[in-house]
Amino acid sequence: MNNREMADTFEAVANLMEIKGEAIYRILAYRRAAEALRGLGRDVSAIWEAGELEDIPGVGKAIAGKIDEMIRSDRLEFYEKLASEIPPGLIELLKVDGIGPKKVAQFWKEGGITSLEELESAAKEGKLRSLSGMGPKSEQKIIDGIQALKSRSTERSLLSSAWDTAQKIISEMNKVKGVERIEPAGSLRRYRETIGDLDLLIASDYPSQVMDTFVALPLVERVLGKGDTKTSVELVDGMRVQLWVHPPERFGSAWQFATGSQAHNVQLREIALKKDLSLSEHGYKRDDGSELLCRKESDVYEALDLAWIPPELREGKGEIAKAQNADFSDLVTLNDLRGELHAHTTWSDGKASIEEMAQAAIGLGMEYLVISDHSRSLGIANGLSIERLMEQRAEIGEVQKTLGKKIHILHGSEVEIMSDGTLDFPDEILEQLDIVIASLHASLKQSRKQVTLRLLNTIRNPHVDIIGHLTGRLINRRDPADLDVEAIFKEGATHNVVFEINANAERLDLKDSHARMALDFGCTLAINTDAHHPDHFNFRHFGVGTARRAAAPAQSILNTWVFKDLEAWLKHR
DNA sequence: GCCGTTTTCGGCCCGACTGTTTTCAGTCG
């Protein structure tokens, strides 16, 4: 069993225990453990081999024992026993909006309901209203909820599409009278790679008017709940949005709260309690009932003697401890980026010429741009033959002459890592290029051993400067290659090879946890858009967000370096 | 079930919204 399968098993255990009515804190412990496994970033079996399972936060003796059992025997007896006691269809009921474990247990024990279908017909036939706490409105909510569950996709949205939707709502709501400020919050602000619900926060003294305007937006399909401080809706495209409204003098605490993560907030509130302060979205309350309001978000952290924590790090994974004696001012920002190291043109599958891409880069204030079209074997992307590669070199020279000192254009290539582990161009060609990015596009499904070996071979080639989108994953569409990432980063650090964080929201590859691991191994990273169009340079902030989630300092990112330093590094290699 | 800069036992964040049981439980984030 791998990390994800074990996490899923613990999640299932928690759900079953909840329906069974077990003690809530036992259940939360399994949830926390599942969460910890998901965000681990390294193979849990490696930690197991080192005998360090209990060093994972949220994993104690009992859960470590269960992980051990799953690693050894590929199953968990505790789970199997629970599953045998509870009808399997009940888990599905938890997915219906507004239905939690208590209701599921009630439907099962008092109504004999064991599946979604049975629940739906019971609701339609009006049989649920006889149960205590249930009425006609609850029945209708269940019918609607099941309908919504069937139609909505189970996938979380790509960061980019959530971002676009948020921008639309923000620009609409900014026009509304009484809206002083509107900001994204939640996982969007934390730059998680996928987004479940969209969270937005408005500062206003007129909450009811703001909410009325919000639910009337053409984008809104239906209202799930509406109050003066919190309203949730479903948009026409199925995405769900939660909007909070708080007065400006409480904006800081409200934004901190709405940004999360839940784990981060819980930890923060526990620290507050030790200082006799109770923290909520409204601000701090002292024991005597007096309040401490936070207009700015930094006020929330300051009250606890903590440095302001960048949203990207608020996952409850040690960032609060760090904020007690350090700040995060060295974290990379969008402004730190000085150039783009991975861009395509019409020479292969890009949509703009070398000059058009260069002009766009100049417009964004970039100091340098690497043109890195695909290599010959990638026929589907019109990869360049050696002859065309040489012709391209001439055109780059001409464009450079035209643009003069406005930007440095480098000649690179995104060279295919072939399925046998060789590269698509011979060494004597590679050495003529200013910079070489090596990427996997094909044979991603080879065995872990095979793909890992391909990458290790590539890293050992002295002409390779950067590994592009390491795992080849496309979020929600294509699984990552199965790789021994630890071995790869170790080798990369030895050979001074740079790993790309591909900023395209479909890739975000390296992902945050891999980027963090690469940094731990001492690797340098790059934030590349892989632009196929001038507009794609705007993807940079997704890459920056991912790097920040990995706590990457600006210095650790190759393309924050001034051109002179980049040039020196390339020469020295 | 986990965890400890007051604890190895006794805690474990806090509030909004909904529907229903006229005072609150369940769900959600």
Side-chain angles (χ1 to χ4, degrees), chain A residues 10 13-14 17-19 21-36 53-67 78 93-107 128-142 144-145 185-187 190 196-201 207 211 223-233 240-246 250 253-254 256-285 304-305 316 320-321 324-325:
Chain A
F10 282 144
V13 163
M17 287 172 78
E18 213 169 19
I19 293 169
E22 298 275 1
I24 185 66
Y25 291 112
R26 259 186 96 193
I27 293 159
L28 287 176
Y30 281 101
R31 291 245 156 81
R32 258 202 309 272
E35 199 52 43
L53 282 179
E54 289 186 48
D55 291 349
I56 302 170
V59 174
K61 210 170 175 152
I63 288 182
K66 292 188 170 68
I67 293 175
F78 182 60
L93 305 192
L94 289 172
K95 293 181 187 160
V96 180
D97 260 336
I99 293 188
K102 297 269 165 60
K103 293 265 183 231
V104 171
Q106 184 188 28
F107 296 153
L128 292 180
R129 62 187 70 181
S130 61
L131 301 174
S132 72
M134 296 293 298
K137 275 193 178 176
S138 302
E139 279 178 341
Q140 191 54 49
K141 248 183 109 172
I142 285 172
D144 294 346
S187 48
R190 303 201 311 276
D197 298 352
L198 217 54
D199 296 295
L200 300 170
L201 171 67
M211 292 305 192
V223 179
L224 304 166
K226 181 164 174 280
D228 270 359
T229 57
K230 185 178 134 183
T231 288
S232 351
V233 302
R240 295 187 167 198
V241 184
Q242 283 202 93
L243 178 69
W244 282 276
V245 179
H246 284 269
R250 296 180 192 270
S253 49
Q256 193 287 319
F257 156 76
T259 299
S261 65
Q262 186 149 346
H264 176 87
N265 286 356
V266 168
Q267 289 177 22
L268 210 59
R269 288 168 182 205
E270 282 170 356
I271 290 178
L273 281 177
K274 285 179 190 154
K275 296 182 188 277
D276 294 320
L277 290 167
S278 166
L279 173 61
S280 78
E281 55 265 49
H282 304 292
Y284 286 104
K285 248 188 235 158
L304 301 177
D305 295 319
I320 293 178
Q324 284 169 340
N325 41 39

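Order of the sequence lines fixes the chain letters, A, B, ..., with proteins taken first and strands second; residue numbering starts at 1 for each chain. Given the structure is predicted, the values throughout are model-derived calculations rather than measurements.
Under 4.0 angstrom from either OP1 or OP2 of B:dC13 there lies no side-chain N or O belonging to A:Ser280. One finds no side-chain N or O of A:Ser278 lying less than 4.0 angstrom from the OP1 or OP2 phosphate oxygen of B:dC13. Taking side-chain N and O atoms only, A:Lys285 has a distance below 4.0 Å to OP1 or OP2 of B:dG15. Listed pair A:His282 / B:dA16 meets the phosphate criterion, a side-chain N or O lying under 4.0 Å from OP1 or OP2.
Across the C1' atoms, B:dG11 and B:dA16 are found 26 Å apart, a figure rounded to whole Å. Taking atom P in both B:dC12 and B:dC17, the straight-line distance is 25 Å, to the nearest Å. Comparing the P positions of B:dT23 and B:dC14 gives a spacing of 27 Å, expressed to the nearest Å. For the P atom pair drawn from B:dG15 and B:dT8, the interatomic distance equals 29 Å after rounding to whole Å. When the C1' atom is used for both B:dC2 and B:dT7, the distance is 14 Å, rounded to whole Å. One C1' atom belongs to B:dT27, the other to B:dT20, and the distance between them is 14 Å to the nearest Å. Going from the C1' atom of B:dG1 to that of B:dT5 covers 23 Å, rounded to whole Å. Rounded to a whole angstrom, the distance from the C1' atom of B:dC24 to that of B:dG10 is 27 Å.
At a threshold of 4.0 angstrom between heavy atoms, the contacts of A:Glu270 are confined to the sugar-phosphate backbone, with no base atom among them. Residue A:Leu28 is out of contact with every strand shown, counting any heavy-atom pair closer than 4.0 Å. Heavy atoms of A:Leu268 sit nowhere under 4.0 angstrom from any nucleic acid atom. Nucleic acid contact class of A:Gln242 (heavy atoms, under 4.0 Å, all strands): sugar-phosphate only.
One interatomic measurement links the two molecules: CZ of A:Arg31 to P of B:dT27, which rounds to 12 Å at whole-angstrom precision. For the pair A:Leu53 CG and B:dC3 P, the interatomic distance rounds to 12 Å; values are reported in whole Å. Here the C1' atom of nucleotide B:dG11 and the NZ atom of A:Lys274 are 11 Å apart, to the nearest Å. Residue A:Ile24 contributes atom CD1, which lies 13 Å from atom C1' of B:dC28 at whole-angstrom precision. Nucleotide B:dG19 holds its P atom 20 Å from the NZ atom of A:Lys102, rounded to whole Å. For the pair A:Leu94 CG and B:dG26 C1', the interatomic distance rounds to 13 Å; values are reported in whole Å. Nucleotide B:dA16 holds its C1' atom 14 Å from the CG atom of A:Asp199, rounded to whole Å. Taking atom NZ of A:Lys226 as the reference point, atom P of B:dA16 lies 17 Å away to the nearest angstrom.
Other residues, nucleotides and ligands contribute over 12 non-hydrogen atoms within 6.0 Å of the NZ atom of A:Lys226.
Considering only the side chain of A:Pro136, B:dT20 comes nearest among B:dG1, B:dA16, B:dT20. Nearest nucleotide to the A:Thr229 side chain, out of B:dT27, B:dA16, B:dT20: B:dA16. Listed nucleotides: B:dC14, B:dG1, B:dG19. Nearest to the side chain of A:Arg26: B:dG1. For A:Lys66, counting side-chain heavy atoms from C-beta on, the closest listed nucleotide (B:dT20, B:dC14, B:dG1) is B:dG1. Of the candidates B:dT20, B:dG15, B:dC2, B:dC2 carries the atom nearest the A:Ile63 side chain, counting heavy atoms from C-beta on. The side chain of A:Gln262 lies closest to B:dC13, out of B:dC17, B:dC13, B:dG26. Of the candidates B:dG26, B:dC2, B:dA16, B:dC2 carries the atom nearest the A:Ala29 side chain, counting heavy atoms from C-beta on.
A side-chain donor-acceptor contact under 3.5 Å links A:Ser261 to the backbone of A:His264. Of the possible polar contacts, one joining the A:Ser253 side chain to the A:Glu281 backbone as a donor-acceptor pair under 3.5 Å is found.
Of the candidates A:Asp199, A:Asp97, A:Asp197, A:Asp97 is the only one forming a salt bridge (charged side-chain N to carboxylate O under 4.0 Å, His left out) with A:Arg240.
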Review point. Does the pair A:Lys275 and A:Tyr284 meet the rule for a side chain to side chain donor-acceptor pair (under 3.5 Å), with working shown?
Key: CA-CA 11 Å; A:Lys275 296 182 188 277; A:Tyr284 286 104; over 6 Å; no
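Stacking between A:Tyr25 and the base of B:dC12 is present: ring centres sit under 5.5 Å apart and the planes differ by under 30 degrees.
Each of A:Val266 and A:Val104 lies near DNA chain B, and the nucleotide nearest A:Val266 is the one positioned closer to the 5' end. Remark on DNA chain B: of its neighbouring residues A:Phe257 and A:Ser132, the 5'-side contact belongs to A:Ser132, judged by nearest-heavy-atom nucleotide.
Taking the six-membered ring where tryptophan is involved, the planes of A:Phe257 and A:Trp244 are perpendicular, since the angle between them exceeds 60° and thus also 30°.
When both distances must be under 3.5 Å, the Watson-Crick or G-U wobble mate of B:dT8 does not exist.
No side-chain heavy atom of A:Arg32 sits under 4.5 Å from any side-chain heavy atom of A:Ile63.
Using a 4.0 Å cut-off between charged side-chain N and carboxylate O, A:Arg31 and A:Glu18 make a salt bridge.
In B:dT7 the O4'-C1'-N dihedral to the base is within 90° of 0, which defines a syn nucleotide.
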